[in-house]
Amino acid sequence: MGSSRGGGGGLTWKLADHPKLPKCKTVAVVVLDGWGEASPNPYNCIHVADTPTMDSLKNKGVPDRWRLARAHGTAVGLPSDDDMGNSEVGHNALGAGRIFAQGAKLVDLALASGKIYEGEGFKYIKECFENGTLHLIGLLSDGGVHSRLDQLQLLLKGASEHGAKRIRVHILTDGRDVLDGTSVEFVETLENDLSKLREKGVDAKIASGGGRMYVTMDRYENDWGVVKRGWDAQVLGEAPYKFRNALEAVKKLREEANANDQYLPPFVIFDENGMAVGPILDGDAVVTFNFRADRMVMPAKAFEYEDFDKFDRVRFPKIHYAGMLQYDGELKLPSHYLVSPPEIERTSGEYLVHNGVRTFACSETVKFGHVTFFWNGNRSGYFNEEMEEYVEIPSDSGIPFNVQPKMKALKIAEKARDAILGGKFHQVRVNLPNGDMVGHTGDIEATIVACKAADDAVKMILDAIEQVGGIYVVSADHGNAEDMVKKNKKGEPLLDKNGNVQILTSHTLQPVPIAIGGPGLLPGVRFRKDVPDGGLANVAATVMNLHGFEAPSDYEPTLIEVSDN
Ligand SMILES: O=C(O)[C@H](O)COP(=O)(O)O
Ligand SMILES: [Mn+2]
Ligand SMILES: [Mn+2]
């Protein structure tokens, strides 16, 4: 751990004491994943669900102890205000207290200026262009959460102009950050681009594919089988489904009962001789073109680590591998990357351990890294093992989350409750995943159950805070469950060609609630009126205040003030 700029511009981790707020209160920080605020309507699952705890926070809290915070677009470092929020940028902002230009934006800039081609990462993969194939692996989507199609298009063009002669794209279909079924149009667009490259003499093809939730893009080591299915298709050229082209693959596989883009099975494209068109071989270059970290760490390990025991790779080709970004700042993984990630340093977690605040963080596997890794600026591990404890509850694996919409919310709440009552920690931080994970399935009934489960969990945590005389901060990282249908400009649900409403599986642009309270909160503490545009990045300073400290001067301003009357 190094030293850094503190409140006064000097080099110190020491935070100034808050002039009015006491130290050593137990502060529960609850992040409801995918829980935005929207007007009541039948597709607002948070509204439809029975959520007495969250309702009462609002009813008794507005305006002094309940408000909204911006959770999308430029407020969280995304390129534009048309970009919905997501967990990575949301938790980064919540934990770091400042707005950093995020991966999506940094890649845009590097592509626009051409700097991407001058960096070490590109030079490294370019060494393979003469004799090898360039493989591009990633999410084929314009969702802007993990990747963007226009960035892939620019990279294809740029790589070919910089000498790539043989290119293979390994696609992962989305349907989670974008409407289900859009895989077909994305494949058409990509095929069109590849055929233009072929006209210019570049041997460019789609080589394999599969749905993002079933192939390659697992996270936090929930299910290595997902990564293995990707490895088999991309590296070994083996998959249960074989097609002559990707458009046919996606269309045919979507015809199966209950098929959707998120869970398409792995497929490989074969040539007229029955050979896979693009296995990854010695001497090839591989780029994972997603900019977002969480779902690329596992495949990055498989491509980079000589010693690897998570599944049998069968073959470990000698390749030059680079990530679009470096995905884990602590592990320095991957070691080669095309664009430098945002330097999210001096996060609130790091400050707090330096100032004697003991922290407990917990979620279930699928969100565990959100309240640890993302919260700490895409850095795995502890700042100080003696001051922190991170607990992961194993998630269900191998099932879509609408089957078990309550997920592990209650278990997470029990752990938080025990940590609060145990008295060892000053901050008890959790992520409750239900609204988001079940919202992404597009199953409205299940999402209603999910929202109630999250509300029950909040109640258990707030009850414990009540018992110990503590303080709570309840907020969210972005919207999801509050809007489950695609709407037109007038706000009316859009219908598909069969007359069914178009289900929205993605996040939203909605603001999120933030509620503060608890017996430990001084009566005069209330939300300021002069930060009307406050967003997630303002939460860190707020939480530091509640721990009895002033935030560093370059943090976004706190949302609270202490009135004397
Ligand atoms: O990775 C995912 O599950 C979605 O693309 C985004 O969801 P999250 O940002 O809530 O994780
Ligand atoms: Mn989220
Ligand atoms: Mn989500």
Side-chain angles (χ1 to χ4, degrees), residues 30-36 45-46 69 71-72 76-78 83-95 102-104 138-148 172-180 182-183 211-220 222-223 226 260-263 290-299 327 363-375 378 395 397 400-402 407 409 430-443 447 450-451 454 475-484 504-512 536:
V30 179
V31 180
L32 288 152
D33 213 298
W35 191 283
C45 291
I46 297 172
H72 78 286
V76 284
L78 291 170
D83 291 306
M84 61 197 168
N86 70 68
S87 291
E88 178 177 53
V89 300
H91 286 77
N92 283 168
L94 284 163
Q102 286 286 350
L139 185 66
L140 189 67
S141 166
D142 65 3
V145 174
H146 294 268
S147 67
R148 276 212 334 265
L172 301 163
T173 54
D174 189 353
R176 187 172 176 90
D177 301 326
V178 291
L179 292 185
D180 183 46
T182 47
S183 58
R212 55 172 287 172
M213 297 302 284
Y214 193 61
V215 178
T216 299
M217 282 175 59
D218 190 44
R219 65 180 165 205
Y220 309 141
N222 192 40
D223 183 359
V226 174
N260 59 49
D261 288 349
Q262 296 191 54
Y263 285 90
N290 287 12
F291 43 74
R292 174 159 150 174
D294 56 348
R295 295 188 185 276
M296 281 294 120
V297 168
M298 293 166 71
Y327 301 124
S363 191
E364 60 171 278
T365 312
V366 291
K367 296 287 181 186
F368 175 66
H370 288 32
V371 272
T372 54
F373 173 78
F374 285 154
W375 193 274
N378 295 5
S395 284
S397 65
F401 288 95
N402 54 336
M407 301 183 66
V430 297
N431 174 299
L432 297 172
N434 311 65
D436 182 69
M437 293 302 288
V438 188
H440 279 305
T441 68
D443 181 333
T447 307
C451 293
S475 192
D477 60 342
H478 52 76
N480 185 338
E482 81 288 357
D483 195 358
M484 298 291 289
L504 194 70
T505 52
S506 69
H507 299 169
T508 69
L509 304 174
Q510 294 301 126
V512 297
L536 297 182

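Each ligand, and each atom within it, is numbered from 1 in the order the structure gives. When reading the values below, keep in mind they use all heavy atoms of this one structure, side chains included, and skip hydrogens, waters and symmetry mates.
Between the side chain of T216 and the main chain of P299, no donor-acceptor pair closer than 3.5 Å is present.
In this structure, NZ in K367 is found 8.5 Å from CZ in F374, a value given to the nearest 0.5 Å.
With S141 as reference, D174 is the one residue of D261, D174, D177, N290 to meet the side-chain hydrogen bond (donor to acceptor under 3.5 Å, both in side chains) rule.
Applying the side chain to side chain contact (heavy atoms under 4.5 Å, CB included) rule to T365 yields the partners Y220, N222, E392, P394, S395; only residues at least two apart in sequence or on another chain are considered. Judged as a side chain to side chain contact (heavy atoms under 4.5 Å, CB included), and not counting sequence neighbours, the contacts of L179 are T182, K486, Q502, L504.
Ring pair H91/W375 is perpendicular by interplanar angle, where above 60° counts as perpendicular and below 30° as parallel.
Listed by chain and residue number, the protein N/O/S atoms under 2.8 Å of the Mn ion (ligand 3) are D436 OD1, D436 OD2, H440 NE2, H507 NE2, with waters left out.
Heavy atoms only, all atoms of each residue included: G36 and V512 are closest at CA-CG1, 4.3 Å. The two residues W35 and A476 come nearest to each other via the heavy atoms O-CB, 3.3 Å.
Using a 4.5 Å heavy-atom threshold, the side chains of R292 and N86 count as touching. With contacts defined as side-chain heavy-atom distances shorter than 4.5 Å, the pair H440/F401 does not qualify.
The atom of D477 that is an N, O or S and sits closest to the Mn ion (ligand 2) is OD2.
Sorted by chain and number, the residues within 4.0 Å of ligand 1 by heavy atom are D33, N86, S87, V145, H146, R176, D177, R212, R219, R292, R295, K367, H370, D436, H440, H478, H507.
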